[in-house]
Number of protein chains: 2
Amino acid sequence: MAQLSDNIEQFIKELMSEDAHIELRRNELAQHFGCAPSQINYVLATRFSVDHGYIIESRRGGGGYVRIVRMQTRGEENLLESLLKRVGNSVDEETAGAIISNLYERKLVTKNEALLMKSAVSRNALALPISAKDVLRAAVFRNMLMQVFKNHEEAKRDDV
Amino acid sequence: MAQLSDNIEQFIKELMSEDAHIELRRNELAQHFGCAPSQINYVLATRFSVDHGYIIESRRGGGGYVRIVRMQTRGEENLLESLLKRVGNSVDEETAGAIISNLYERKLVTKNEALLMKSAVSRNALALPISAKDVLRAAVFRNMLMQVFKNHEEAKRDDV
DNA sequence: TGCTATAATAGTCAAAGATGGTCAAAAGAA
DNA sequence: TTCTTTTGACCATCTTTGACTATTATAGCA
C-alpha cells in the first residue's frame, strides 16, 4: 500500500532524476499532497539523510525554500574510509540501512547484495541486549563493507 | 468441523493460487474472519512456516502489511529447511563457510554474495567470547540464508 | 535612512493514529 | 489429560498531524 511518505519520496526522486539538486517550497509540496507541512520534514529526515547520500539546505522567511542536493560520489577508497569511520564501534539499524541503500544507489552493490547485508545487520539477526546490538552490528557491518569494496576491486581487475 | 485456522489457511492458499506471493493486512483479514488479529499470526506460524515452504515478511505502522512468499521449487524449499536445521542455534565458522561454498556451487548465490556472507559470519565480525560467537553467528547466518532464498524467488519472479 | 511590525516561510517535538508482534492464559478438541 | 486453537493484554514500529518556535523579507513609519 503506497504510503503518503512513499509517494512524496517518489515524487522528489523523480524531480531529482534530471538534476543533482532541486529546490522546493515546503508548504506548496505539502499542499500538493494535502498533508501537514511537517510531513515533508519527516520524509526528508527518513529518506534523504546524509547517510542516504543527500544534503538538505533550507531557508525560512519570505522566499524560503528547501534544497535537496545529491552528494557527489567521492573516490572509492575515500568512500570506504569515510563509511568505516561513520560506522565506528557502534551503529544503529536505521543508519546501517541508509548506508546500504546508498551503496545500492551508487551501484556498488546489487539489490540482492544489499538485501543480504540488511538481513545480516537487522534487529532479528543480532539477538542481544540493545546496547550490545549496536556494537556488534558495527563489527559485522564494517566487515561486510570491506568485503564490498574488495569485491569491487576484484571486478575491476576482471574487467581488464 | 472446519477450524477457523483451517479456513484462514484455505483462504490464503486460494489467494496464492494465482501468484506466488501476496500481501495482506493482518487486521483486515482478522476482521473478515471475525477473530483476533493474533490468530493470523498463529495460522502463519503453523501453516506457512519455512518448513512448509513459505517465507513471511511484514512491516508495522501506517501502511503496514504481511507478505507471504511461496518457495516455488520443492528442492530448494527442502534445502533451506535443512540448512536452517543444520545451523540451528549455534554454528562454527568452518561449517558456515562450507555451507556458503556449497550455495555458491549450486549457483544459489554469486561469488560476491558468498564472500559477503562469509565476511558477515567471520571470527572478525563477531567480536565476542567464543561460546557466544557461535550462537550469534547462527542467528546472523540464518537470517542471511532466508534472504538468499527470498532473493532467489524474487529473481524468478522478475524473469517472468 | 534606519527601525519595527507583520507576513511568509521553515523547523522541532511530542502526541495521536495505524499497523503488526509476542506471549501466556483460556477454551476447545482428541 | 494432552495437544491445538483462540483470545486479549501489552509491546514495537512507522506515519501523520498540530501546536509552538525560529528565521527572513518587506512594507510602513519615524
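The model shown is predicted, which means the values in this text are computed figures rather than measured ones. Residue numbers start from 1 in every chain, and the chains themselves are labelled A, B, ... in the order their sequence lines are given, proteins ahead of strands.
For A:R25 and C:dA10, the shortest distance from a side-chain N or O to OP1 or OP2 is not below 4.0 Å. Residue B:R47 places none of its side-chain N or O atoms closer than 4.0 Å to OP1 or OP2 of D:dT4. Between D:dC14 and A:S5, no contact under 4.0 Å exists linking OP1 or OP2 to a side-chain N or O. Contact annotation: A:S58 reaches the phosphate of C:dG11 (side-chain N/O to OP1 or OP2, under 4.0 Å).
With rounding to whole Å, A:E9 atom CD is found 14 Å from D:dC14 atom P. For the pair A:I8 CD1 and D:dC14 P, the computed distance is 18 Å after rounding to whole Å. Following rounding to the nearest Å, A:L4 (CG) and C:dT19 (P) show an atom-to-atom distance of 13 Å. Between the OH atom of B:Y42 and the P atom of D:dT4 there is a distance of 7 Å, rounded to whole Å. Summarising the geometry, the separation between CD on A:E57 and C1' on C:dG11 is reported as 16 Å, rounded to the nearest angstrom. Following rounding to the nearest Å, B:Y65 (OH) and D:dT13 (P) show an atom-to-atom distance of 15 Å.
Residues satisfying the side chain to side chain donor-acceptor pair (under 3.5 Å) test with A:S49, not counting sequence neighbours, are A:H52. Residues forming a salt bridge (charged side-chain N to carboxylate O under 4.0 Å, His left out) with A:R59 (at least two apart in sequence, or on another chain): none. Applying the side chain to side chain donor-acceptor pair (under 3.5 Å) criterion to A:E105, with sequence neighbours excluded, gives A:K13, A:Y54. B:S58 pairs by the side chain to side chain donor-acceptor pair (under 3.5 Å) definition with nothing, not counting sequence neighbours. With sequence neighbours excluded, the residues that form a salt bridge (charged side-chain N to carboxylate O under 4.0 Å, His left out) with B:K85 are B:E81. Considering only residues two or more places apart in sequence or on other chains, A:R123 meets the side chain to side chain donor-acceptor pair (under 3.5 Å) condition with A:E93. Residues meeting the ring pair (Phe, Tyr, Trp, His ring centres under 6.0 Å) test with B:Y104, sequence neighbours left out: none. Remark: A:R86 engages A:D51 in a salt bridge (charged side-chain N to carboxylate O under 4.0 Å, His left out) (not counting sequence neighbours).
Residues A:V109 and A:A114 approach most closely at CG2-CB, 4.0 Å, considering heavy atoms.
Of all nucleotides listed (C:dG11, C:dG20, D:dT15), C:dG11 comes nearest to the side chain of A:N41. The side chain of A:Q39 lies closest to D:dT16 when the candidates are D:dT16, C:dG11, C:dT22.
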Which donor-acceptor pairs under 3.5 Å do side chains of residues 25-35 of chain A form with protein atoms, sequence neighbours excluded?
| from | atom 1 | to | atom 2 | distance (Å) |
| --- | --- | --- | --- | --- |
| A:R25 | NE | A:G64 | O | 3.3 |
| A:R26 | NH1 | A:N41 | OD1 | 2.7 |

List, with names and distances, any nitrogen or oxygen atoms from the protein found under 3.5 Å away from nitrogen or oxygen atoms belonging to nucleotides 25-27 of chain D.
| from | atom 1 | to | atom 2 | distance (Å) |
| --- | --- | --- | --- | --- |
| D:dA25 | OP1 | A:R59 | NH2 | 2.4 |

Restricting to nitrogen or oxygen on both sides, can you table the protein-nucleotides 25-28 of chain C pairs closer than 3.5 Å?
none

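Side-chain atoms of A:S119 and B:K150 form no donor-acceptor pair, as typed in the model, at a separation below 3.5 Å.
Non-hydrogen atoms lying under 4.0 Å from DNA chain C are contributed by B:R26, B:N27, B:S38, all within residues 26-38 of chain B.
B:D92 places a side-chain N or O within 3.5 Å of a backbone atom of B:T95 that can act as its donor or acceptor partner.
In this structure, A:R67 reaches neither bases nor backbone, as no heavy-atom distance under 4.0 Å exists between it and the strands shown.
Between A:V43 and B:I40, the residue whose closest nucleotide on DNA chain D is further toward the 5' end is B:I40.
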